[in-house]
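To start, the structure under review is shown below, and the notes come after it.
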Protein chains: 2
Amino acid sequence: MGRKRTKSGKIRLAEVAELAGVSPITASRFFRNPEALSVAKRTRVESAARELGYVPNLAARALASQRTEVIGVLIPSLTNNVFSDVLRGIYDASEGSRYSIQLSNTRYSILQEEKLLRLFLAQKPAGLIVTGIDQTTESRAMLEAADCPIVQIMEIGPNPVDMMIGFSHYDAARAAIAHLFAQGHRRIGFVGARMDPRVQRRLDGYAAAMKEAGLFDQRLTVTTATPTSVTLGGALFADLIAREPAIDAVFCANDDLALGVLFECRRREIPVPDQIAIVGFNDLEFMASSVPTLTSVRTNRYEMGSTAAAMLIEAIEGKRPEKPVLDLGFTVIERQSSQAQRPTASPRAGEWVAAVQNDSVTNDP
Amino acid sequence: MGRKRTKSGKIRLAEVAELAGVSPITASRFFRNPEALSVAKRTRVESAARELGYVPNLAARALASQRTEVIGVLIPSLTNNVFSDVLRGIYDASEGSRYSIQLSNTRYSILQEEKLLRLFLAQKPAGLIVTGIDQTTESRAMLEAADCPIVQIMEIGPNPVDMMIGFSHYDAARAAIAHLFAQGHRRIGFVGARMDPRVQRRLDGYAAAMKEAGLFDQRLTVTTATPTSVTLGGALFADLIAREPAIDAVFCANDDLALGVLFECRRREIPVPDQIAIVGFNDLEFMASSVPTLTSVRTNRYEMGSTAAAMLIEAIEGKRPEKPVLDLGFTVIERQSSQAQRPTASPRAGEWVAAVQNDSVTNDP
DNA sequence: GTCGTTGCTGGTAGCGCTGTCAACGATCCT
DNA sequence: AGGATCGTTGACAGCGCTACCAGCAACGAC
């Protein structure tokens, strides 16, 4: 006689085991480690499960095994294009795996991050993806004490908690400035918003490059803690140019700001790049189709997410990567907005259409 | 003498109950329905839990109670700005509640949606948020059979599965066209990408408005199944104007396309709005700061997400909303790009700066 | 032939929590 | 005063799965 069904009418592992003529524990093993079964039992359990339409109860599994199949992801923003690309990578890489993604938004607050981390860790996640390297001391301690693999994403730095994948925002900013130098620009402004740690490091890279060239001037830097936007880019640029009308280039901490600067230039009839060059950061899609097209520093956001999730899953399953720190690099994509200064004051608009994209400076470590 | 601790060293409900001097079940009730306890026991359990730093084991809770505290969310895209705003609303509204969000990406495939739905439902979610009203028959049946509250978001239509929150894309498109008519435009093109059901309904609204005015012409419509982008907007507009050079306005199915059209006009030195007016859809932030500023149909995306999550949580807890279908409406934000046609062929750029934003046409049902 | 050793399988005993039901005293009504 | 009702509490029995360990057969080494 058969066992009695569960109240909810759902198929349990026991039913599958019974149909397959094996013990429940053998059926259980089939789902966790099929190689441990003989081929005969394996196929019997498989067909029994399929026939009954068995779906494992994750709560029971988590309770019995004392661990979940959840990957926690802590990111600072849900709106920022940058993170939506990273997230897409994470979701894509986790799809098809047994792990599910649990997302939380720190809103750029490391205190909030600490709180969420505590919450996550209490549920014993299988793995954790956290943004950046600027955790609180408390968070850092929790991460180090956590008994699950952890990937820090978005940037690289010394002392990884575990694994790390990103690139140097400092070097990327320096490369952008080097490109502007190469194009003959000297008085280069910096426009930044939000000023999270990564933007701050871009500012540091800019400042270092300028200082080395003997060109640094505090008054060329305009920043705000306000969240970034296109409109804000225009406003910050207005501030900058009011203070320093003689600038010949602007390095923007992200592409939204760069687009705002471009619009503001257009509003003021300032020719770009002939009077002012513009360089953005991230290389969002629209940078390639604006008029003029906008130079930017391409970052590998999708790869960052997908690689992080893939590395994490490997590590969860015991296969730790050979190199725990991965530098994904960046590429300066040179476009019209930062072309070399020309003698002619104002080219015809049609001229831009003919211009081709230059070679790019890639940093692939 | 105390009970023995759990192997993992974690605090269990039993420990809390013991310290509080109550039975475990009373302690359990404290977390689920504190009102059912006497004030004395309530405070004792509360302080005991705090003192021990008790964190409930969700897996055990889910197993024992036969239900999870997970809200499943099915959206078609993670990259689209539209959905990131909706998501932010959902996450914000769920924060602080006991429910956690489980996100999945259908990639605009209703078959994928069906698959994910099956997966979700098998885990007995507390509630479900699904995008749109175009599920497969199978999906529809599963949704109707599900024993949890469900909210359909992004648009409204007949026969809600349960609750519904959105707006009429058809009406919104008609309002946009009505605005263009009011500004004196007649030969209005339509540019659309991806052509998911909501974009299709915008096209239907456009077509209906044009037909009623006796102005519909199939050749004014350019669409593609390709995912949307700014660059694509330029390309589609190039197609459109090659086919129909005499158009005087373009209604774009979203703002990215509109921006692409604007750039393409600039590239071709077509004055906007004097030769061609542009209207977008969604009113993303950059629309207000482009040059010229771009008219768009504002949609309440954040509110859609936050209200959907709030309604769902209320419904899960037994308080069903008085009205299960909520129309969040839309607003035509009139900006420079669709101003009335003028006699002067090409205004000075500076003129735009002075222009003020017009009154707007709001649809608040 | 005996004794590991390996590969596979099964039994037992929970994981930490909650649903159900019964019990109890207090309060209220007739 | 007696009974009904309400509010509060606790005992019991799992929820469905897996960790742990034992058992058993087959095999090879000595």
Side-chain angles (χ1 to χ4, degrees), chain A residues 2-45 48-49 52-69 98 122-124 126 147, chain B residues 2-45 48-49 52-69 98 122-124 126 147:
Chain A
R3 298 151 185 265
K4 59 180 176 297
R5 280 286 174 78
T6 174
K7 285 170 192 164
S8 57
K10 291 197 68 77
I11 306 296
R12 288 172 309 174
L13 192 56
E15 270 91 54
V16 176
E18 194 187 26
L19 180 62
V22 300
S23 72
I25 190 66
T26 300
S28 166
R29 266 193 278 266
F30 168 75
F31 292 99
R32 290 174 295 147
N33 185 18
E35 283 73 30
L37 297 195
S38 62
V39 181
K41 305 230 166 180
R42 200 186 307 173
T43 50
R44 273 169 46 211
V45 174
L52 296 173
Y54 172 71
V55 179
N57 180 323
L58 299 186
R61 180 179 287 177
L63 180 60
S65 67
Q66 299 279 54
R67 55 195 157 68
T68 61
E69 285 166 352
R98 61 201 303 163
Q123 298 307 325
K124 301 202 175 233
D147 64 344
Chain B
R3 298 151 185 266
K4 59 177 176 296
R5 280 286 173 76
T6 173
K7 286 170 191 165
S8 57
K10 290 198 69 77
I11 305 297
R12 289 172 308 175
L13 192 55
E15 270 90 53
V16 176
E18 195 187 24
L19 180 62
V22 300
S23 71
I25 190 67
T26 301
S28 167
R29 267 193 276 266
F30 168 76
F31 292 100
R32 290 174 294 148
N33 185 18
E35 283 73 29
L37 296 195
S38 62
V39 181
K41 304 231 167 181
R42 200 185 306 171
T43 50
R44 269 160 59 202
V45 174
L52 295 173
Y54 171 70
V55 179
N57 180 322
L58 299 185
R61 181 179 286 176
L63 179 59
S65 67
Q66 298 278 56
R67 56 195 157 70
T68 61
E69 286 166 350
R98 61 199 307 161
Q123 296 307 325
K124 300 203 175 233
D147 64 345

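Here is the naming used below: chain letters follow the sequence lines, and residue numbers restart at 1 for every chain. Computation of the quantities below employed the complete heavy-atom set of this structure, encompassing side-chain atoms and omitting hydrogens, waters and symmetry-equivalent molecules.
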Under the side-chain contact (heavy atoms from CB on, under 4.5 Å) criterion, do Arg61(B) and Asn57(B) qualify, and how do the steps go?
-> CA-CA 6 Å; Arg61(B) 181 179 286 176; Asn57(B) 180 322; over 6 Å; no
Between [X] ([atom1]) and [N] ([atom2]), how many Å, whole number?
| X | N | atom1 | atom2 | answer |
| --- | --- | --- | --- | --- |
| Ile25(B) | dC21(C) | CD1 | P | 14 Å |
| Leu58(A) | dC17(C) | CG | C1' | 17 Å |
| Arg12(B) | dG14(C) | CZ | C1' | 11 Å |
| Glu15(B) | dC15(C) | CD | C1' | 13 Å |
| Glu18(A) | dG16(D) | CD | P | 15 Å |
| Gln123(B) | dG16(D) | CD | C1' | 12 Å |

Which of these passes side chain to side chain contact (heavy atoms under 4.5 Å, CB included) with Val45(B): Val16(B), Leu19(B), Leu13(B)?
-> Val16(B)
It should be established whether [X] places a side-chain nitrogen or oxygen under 4.0 Å from OP1 or OP2 of nucleotide [N].
| X | N | value |
| --- | --- | --- |
| Gln66(A) | dC17(D) | no |
| Thr26(B) | dT9(D) | no |
| Ser38(B) | dT9(D) | yes |

Of the listed nucleotides ([options]), which one gets closest to any side-chain atom of [X]?
| X | options | result |
| --- | --- | --- |
| Leu63(A) | dG19(C), dG16(D), dT9(D) | dG16(D) |
| Ala64(B) | dT9(C), dG16(D), dG14(D) | dG14(D) |
| Asn57(A) | dC17(D), dG19(C), dG11(C) | dC17(D) |
| Val22(A) | dG10(C), dT9(C), dC17(C) | dG10(C) |
| Tyr54(A) | dC17(D), dT18(D), dC17(C) | dC17(D) |
| Ser23(B) | dC20(D), dC15(D), dA11(D) | dA11(D) |
| Lys41(B) | dC15(D), dA19(D), dT9(D) | dT9(D) |

How long is the span from the CG atom in Leu52(B) to the CD1 atom in Ile11(B), to the nearest 0.5 Å?
-> 5.0 Å
Which residues within residues 28-36 of chain B lie with some heavy atom under 4.0 Å of an atom in DNA chain C?
->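 Heavy-atom contacts with DNA chain C come from Ser28(B), Arg32(B).
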Taking for each residue the nucleotide of DNA chain D with the nearest heavy atom, is it Gly21(B) or Ala60(B) whose nucleotide lies nearer the 5' end?
-> Gly21(B)
What residues form a side chain to side chain contact (heavy atoms under 4.5 Å, CB included) with Arg42(A), not counting sequence neighbours?
->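 Scan of Arg42(A) (side chain to side chain contact (heavy atoms under 4.5 Å, CB included), adjacent residues dropped) gives Phe30(A), Pro34(A), Leu37(A), Val39(A).
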Using side chain to side chain contact (heavy atoms under 4.5 Å, CB included) as the criterion, list what pairs up with Asn33(B), not counting sequence neighbours.
-> Glu35(B), Ala36(B)
Correct closest heavy-atom pair for Thr68(B) and Ala62(B) would be CG2-CB, 4.3 Å
What heavy-atom pair brings Gln66(A) and Lys124(A) nearest, and what distance separates the two atoms?
->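 In terms of heavy atoms, the two residues are closest at O-CD, 3.5 Å.
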What do you reckon, is CZ of Arg98(B) surrounded by more than 12 foreign heavy atoms closer than 6.0 Å?
-> yes
Using a 4.0 Å heavy-atom cut-off across all strands, classify Arg67(B) as base, sugar-phosphate, or nothing.
-> sugar-phosphate
